[in-house]
Engineer: 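Before we start, here is the structure in question, set down as structure tokens.
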Amino acid sequence: MAEIKLTAEVRKDFGKGAARQTRRANRVPAVIYGHGAETVHISLPGHELMMALKTNNALLTLDIEGRTELVIPKAIQRDAIRRTLTHVDLLAVKKGEKVTVEVTVIAEGDLAPGANLLEYVLNTLTVEAEATHIPESVTVSIAGLDAGQSILAKDITLPEGTTLAIDEDAVVLQVVSTQAEEPAADADAETTEA
């Protein structure tokens, strides 16, 4: 995972009016917390931040008035209609520190022949990884799985240095058979009643 560098400005004004003014200047209000340090209120460039957050679990290196801070996004708020960023909570991390994050589960391969469907019980997997080596996703092979079979969290191969942070027996993916409908029997019953 590559580090993404952004320049942040410390915010001195707070409240709805100040936040709106920040957004009008194409910046996003944000807050940095963690390590028992005092919370820092900042603003980040809107477009650059939006592009950076397209990467799952992006590791951001912030330049805050000459001081460098390593952070990961913890909570992202978006405008309900325009989908623009309205606020971001950032967690301060250090190199070598373990963090708990959610990574996307990607299935690859073809199911066994037949009318089977793949159901994602969990779209993401909660894992613990070093802050500078967070995987973007985990890939799971579903090749040949048949109805009734499932993949548990412990069955997924994780990148080196990454461990599960959820119950290892949690079902992540399962294969279900499609249910056949019987419209012909219903149609015959309606015709007889008429």
Side-chain angles (χ1 to χ4, degrees), residues 1-65 67-107 120-140 153 156 158-159 161-166 170 172-173:
M1 168 191 311
E3 290 181 31
I4 302 163
K5 297 182 182 196
L6 296 173
T7 303
E9 295 175 1
V10 175
R11 289 188 296 143
K12 301 193 181 7
D13 298 326
F14 305 101
K16 284 185 182 180
R20 285 187 186 124
Q21 212 169 21
T22 301
R23 288 185 203 104
R24 274 195 298 271
N26 196 22
R27 297 191 67 80
V28 178
V31 64
I32 301 173
Y33 62 91
H35 296 138
E38 200 171 304
T39 303
V40 179
H41 297 271
I42 60 170
S43 70
L44 296 163
H47 181 71
E48 289 88 342
L49 180 61
M50 180 188 67
M51 297 306 288
L53 295 178
K54 287 185 183 260
T55 303
N56 288 343
N57 299 315
L59 181 64
L60 307 175
T61 302
L62 302 181
D63 178 10
I64 309 168
E65 299 177 346
R67 179 176 57 92
T68 302
E69 187 79 48
L70 200 59
V71 298
I72 58 172
K74 269 317 224 186
I76 302 168
Q77 297 171 10
R78 297 182 185 273
D79 182 273
I81 297 170
R82 289 181 264 155
R83 303 302 298 154
T84 55
L85 297 171
T86 57
H87 191 273
V88 179
D89 288 354
L90 302 166
L91 177 65
V93 295
K94 295 178 181 168
K95 290 186 187 238
E97 176 183 9
K98 293 263 187 177
V99 293
T100 302
V101 294
E102 291 186 353
V103 294
T104 306
V105 176
I106 299 173
Y120 277 80
V121 178
L122 299 174
N123 291 324
T124 59
L125 197 61
T126 306
V127 297
E128 187 176 72
E130 187 180 322
T132 55
H133 294 90
I134 299 171
E136 289 184 32
S137 62
V138 290
T139 304
V140 181
I156 298 174
L158 298 172
T162 304
T163 57
L164 283 175
I166 62 168
V172 179
L173 301 168

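Below, each value reflects all heavy atoms present in this structure, side chains not excepted, and no hydrogens, waters or symmetry copies.
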Engineer: Dump the intermediate steps for side-chain contact (heavy atoms from CB on, under 4.5 Å) on L85 and L44, then the final yes or no.
Structural biologist: CA-CA 11 Å; L85 297 171; L44 296 163; over 6 Å; no

Engineer: Taking all non-hydrogen atoms of both residues, which atom of P73 and which atom of L53 are closest, and how far apart?
Structural biologist: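 Closest pair (atom of P73, atom of L53, distance): CG-CD2, 3.6 Å.
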
Engineer: If we ignore hydrogens and angles and just use 3.5 Å, is the side chain of N57 paired with the main-chain N or O of E102 as donor and acceptor?
Structural biologist: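 Yes; at least one donor-acceptor contact below 3.5 Å.
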
Engineer: side-chain contact (heavy atoms from CB on, under 4.5 Å), that's the test. Do K5 and D63 meet it? Break it down for me.
Structural biologist: CA-CA 7 Å; K5 297 182 182 196; D63 178 10; over 6 Å; no

Engineer: Please report the closest heavy-atom contact between V28 and G46, naming both atoms and the distance.
Structural biologist: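 The answer is CG2-CA, 3.7 Å.
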
Engineer: Could you measure the distance from the CG atom of L173 to the CD1 atom of I106? Nearest 0.5 Å is fine.
Structural biologist: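 Going from CG on L173 over to CD1 on I106, the span is 11.5 Å.
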
Engineer: Show the numbers, then the answer: is there a side-chain contact (heavy atoms from CB on, under 4.5 Å) between V138 and V127?
Structural biologist: CA-CA 10 Å; V138 290; V127 297; 5.7 Å; no

Engineer: Does anything in residues 71-89 pair up under side-chain hydrogen bond (donor to acceptor under 3.5 Å, both in side chains), and if so which pairs, sequence neighbours excluded?
Structural biologist: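 Residue pairs passing side-chain hydrogen bond (donor to acceptor under 3.5 Å, both in side chains), neighbours aside: H87-D89.
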
Engineer: Taking all non-hydrogen atoms of both residues, which atom of E69 and which atom of A92 are closest, and how far apart?
Structural biologist: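 So the two residues come closest at OE2-CB, 3.4 Å.
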
Engineer: Does the side chain of V103 reach to within under 4.5 Å of the side chain of S137, using non-hydrogen atoms?
Structural biologist: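 In short, these two side chains do not touch, never coming nearer than 4.5 Å.
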
Engineer: According to side-chain hydrogen bond (donor to acceptor under 3.5 Å, both in side chains), does anything in residues 38-53 pair up with another residue at least two apart or in another chain? List the pairs.
Structural biologist: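 Only R11-H41, R27-S43 qualify under side-chain hydrogen bond (donor to acceptor under 3.5 Å, both in side chains).
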
Engineer: Out of the candidates T162, V140, I166, only one should pair with L125 under the side chain to side chain contact (heavy atoms under 4.5 Å, CB included) rule; please name it.
Structural biologist: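 Exactly one candidate clears the test, I166.
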
Engineer: Compare every heavy atom of V105 with every heavy atom of Y120, then report the nearest pair and how far apart it is.
Structural biologist: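 So the minimum-distance heavy-atom pair works out to CE2-O, 3.5 Å.
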
Engineer: So, do L6 and L49 sit near enough that their side-chain heavy atoms are less than 4.5 Å apart?
Structural biologist: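 A side-chain contact under 4.5 Å exists here.
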
Engineer: Quick one: which of V71, I134, L70 gives a side chain to side chain contact (heavy atoms under 4.5 Å, CB included) with L59?
Structural biologist: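 Considering V71, I134, L70, a side chain to side chain contact (heavy atoms under 4.5 Å, CB included) with L59 is found only for L70.
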
Engineer: So which atom in A170 and which in L122 form the shortest heavy-atom distance, rounded to 0.1 Å?
Structural biologist: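 Looking at all heavy atoms of both residues, the closest pair is CB-CD1, 4.4 Å.
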
